Amino acid sequence: MSRIGLLLRAIWARAYVRIVGGNRELSWMLSEVLLPMISLSAYIFIYRSLGAPRIYEGLVVLGGAMIPFWIGVLWSMASQFYWEKETGNLDLYMASPMHPVTLLVGMAVGGMFMSFVRSFFVLLLGVFVFRVELTAQQPLLLVLLFSLTLTSLFSMGMAASSVYFMVGRVGIKINQILIEPVYLLAGLYFPVTHLGRFLLVLAALIPLTLGLDGVRQLLLPGGASIGLLRPEIETGILAVMTVVFTIGAVRLMRVLEQKGKRDGTMSLRWQ
Amino acid sequence: MNLAVETIDLTRTYKVKRGETLTALDRVNLQIRPGEVFGVLGPNGAGKTTAIKILVTLLYPSSGQALVAGHDVVEHPEKVRPLINMVSGGETSGYGILTVRENIWMFSQFYGLPGAVAKKRIDEYLVRFSLDKNAKTKVHNLSTGMRQKMNIIRGFVTDPQILFLDEPTLGLDVHIAREVRRYIREWIAENNRRTVLLTTHYMAEAEELCDRIAIIDGGRLVACDTPAALRRSLGEGGLFTLILSPEPRDTSLVANIPGVSGAYLLPADEPGSMALRFQLSDDQRLQDIFAVAAEHGYRIKGFSKHEPDLEDLFVKIVGRRLHENE
């Protein structure tokens, strides 16, 4: 078996859990599509009651459609190793011939697909219920920007999972803490330009912010008026983020794997 | 010829509190030949799992060296991993949302097993372990026994050269445990290059399955030989069991009788009774023991002489029973 063959098989096998298994029980439709629609609807009704321009409704629907990706990064990537360690999967992964980074990539590919399916249904429902108008301006750029949003988000998740590898249960708390602040900083329900300069710098470090802002500019009629940066620039930054986070994840994984073996913290049962 | 597994002064310590360390393995030397089923026997906390974790490249030794198929596990883990697999007792690995077949397939892919080969082997093993009817059952719907059978198939399906089994029959009912033990013997017999390293704290399992047994206690290797040779090392003298009522608190009853060694208590079937087992170098001394028991107000409700087993050996070497304090 060639190294490439092993790599591809391992990536597909780990992604399979999410691509096939993750969509097998349709209860996610309720918890990950219908329930988020409630808060999304609330924001839309607020904007309607205030007489805000129609673009704000589209902006909320697109924001809501990006939520599954952030949830995916936190719960299916960053804290995943905690669960893998608890169940004993991590031992089996680490003792197998596949490179540990393969595992991260498999998780990311599966996570992207799983989040994409949920995101698609939120978008579909939002567009259908609230009659949001979407127009793909510069479709190629839109596809590129959206793809890089996913790769940068999930490569950030890969890097985070390497870090969470060492923090154990605390990672669950970190996840809970990170949900709402990131919703705010990414401007899920409002134009991110309203954040103010200091918070904008902070927000721009999160791929979700730039990705969402770019998607809004490229999908909503008149979207450029609420944009933070030009979509081309955002695409470039997201590409850099993808590279930086991926390299960071690979290096962190190696360092922390060795630390785990040295300190005996990689396995749950150390004796 | 390379040894399947070799450890040279293998030591592992853990920091447990500020300034305190726990020695889980203390200069352990093992040599396991290809074709062997090698047992590592010891109570909980003896260091068995630590040894396995080092050998499967999950843990660095603090000092010493561990070689698997001639490869150093620290220097060349990438050469070790394709040759091994492992199964632990009571493990909850895999994903509940996947079916039995999908779970086994998934793990096989981490070893690069081609799809057709994986499918054929999985089918064969599912039939072999009577799990074929549950091939499409989601793992979260399996019983503990079925789940462990699935784990055991996962270990065999990649056809490892060296298989590490860490208490594989833990919690399994008698029939399934017997089935697993039978298959391990068959698997080894099929190919004399295959090796199994098995940890257990079931004496009977070690005796039935293993070509050689190492006894570990407190991280130290205290004995290593074939089950027969280990039994012989108990020396001359018969092993006796007295069923006493009321239950004695300890073994002091026979402690001062010359020729008595390795005395320990066992639960007896009869309520209010306890079995006192000991080795006696001179059968003539039995009368003294009966007399002492009567003097102390015990009734002897049963008496037997039997062949020594590994439990007796463990008591003799370590000074306590294998399952004491569990």
Side-chain angles (χ1 to χ4, degrees), chain A residues 1-28 76 80 83-100 102-103 106-107 110 114 254 257-271, chain B residues 12-15 22 24-25 44-50 52-62 74 77-88 90-99 102-103 105-115 118 138 151 154-155 158 164 166 219:
Chain A
M1 168 63 56
S2 69
R3 289 178 73 174
I4 294 291
L6 174 61
L7 182 110
L8 294 175
R9 283 183 189 284
I11 289 174
W12 166 237
R14 186 59 189 86
Y16 181 92
V17 181
R18 288 175 178 171
I19 292 173
V20 178
N23 294 308
R24 185 167 275 158
E25 290 179 356
L26 293 177
S27 55
W28 61 264
S76 303
Q80 185 64 27
W83 306 113
E84 305 287 23
K85 190 169 156 179
E86 287 286 305
T87 56
N89 284 339
L90 193 61
D91 278 2
L92 301 177
Y93 292 149
M94 292 303 190
S96 75
M98 72 166 165
H99 194 285
T102 312
L103 175 63
M107 277 160 49
M114 203 164 77
R254 182 164 174 74
E257 182 196 352
Q258 289 183 345
K259 181 173 161 44
K261 286 183 182 178
R262 206 168 45 242
D263 299 345
T265 51
M266 199 162 75
S267 286
L268 191 62
R269 292 181 303 162
W270 46 270
Q271 195 179 19
Chain B
R12 173 70 209 195
T13 57
Y14 292 97
K15 285 180 187 164
L22 171 79
L25 279 179
N44 283 343
K48 307 185 298 288
T49 301
T50 297
I52 286 211
K53 286 203 187 295
I54 292 172
L55 292 169
V56 300
T57 77
L58 290 175
L59 192 64
Y60 287 147
S62 303
V74 175
E78 77 289 350
K79 290 183 179 169
V80 172
R81 289 172 183 162
L83 306 175
I84 63 169
N85 208 329
M86 65 166 173
V87 179
S88 301
E91 70 175 56
T92 53
S93 61
Y95 298 95
I97 195 79
L98 296 186
T99 65
E102 286 171 334
N103 258 297
W105 166 81
M106 181 191 75
F107 282 108
S108 76
Q109 298 309 287
F110 301 148
Y111 289 75
L113 213 61
K138 282 183 201 156
N151 294 334
R154 176 187 56 66
T158 58
F164 295 89
D166 190 8

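What you see is a predicted model; the values in this text were computed from it and never measured. Each chain gets a letter, A, B and so on, in the order its sequence line appears, and its residues count up from 1.
- Considering CD of Glu84(A) and OG of Ser93(B), their distance stands at 10.5 Å, rounded to 0.5 Å.
- The minimum heavy-atom distance between Met86(B) and Ala95(A), with the atom names listed, is CE-CB, 4.0 Å.
- Closest approach of Pro97(A) and Pro82(B) over heavy atoms only: CG-CA, 3.6 Å.
- Closest approach of Arg24(A) to Leu98(B), counting heavy atoms only: NH1-CA, 3.7 Å.
- Contact of Arg262(A) with chain B is made through backbone and side chain together, with heavy-atom distances under 4.5 Å.
- In this structure, CG on Asn89(A) lies 8.5 Å from CD on Glu91(B), to the nearest 0.5 angstrom.
- Considering NZ of Lys261(A) and NZ of Lys53(B), their distance stands at 12.5 Å, rounded to 0.5 Å.
- Both the backbone and the side chain of Gln258(A) come within contact range of chain B, judged by heavy atoms closer than 4.5 Å.
- Nearest heavy-atom pair, Phe110(B) versus Ala13(A), reported as atom, atom and distance to 0.1 Å: CE2-CB, 3.8 Å.
- With sequence neighbours left out, the side chain to side chain donor-acceptor pair (under 3.5 Å) criterion links Tyr60(B) to no other residue.
- In plain terms, the two heavy atoms of Leu113(B) and Arg9(A) that are nearest each other are O-NH1, 3.7 Å.
- Taking all atoms of both residues into account, the shortest heavy-atom contact from Asp263(A) to Arg12(B) is C-NH2, 3.5 Å.
- Ring geometry, Trp105(B) versus Trp12(A): the interplanar angle exceeds 60°, so the pair is classed perpendicular (tilted spans 30 to 60°).
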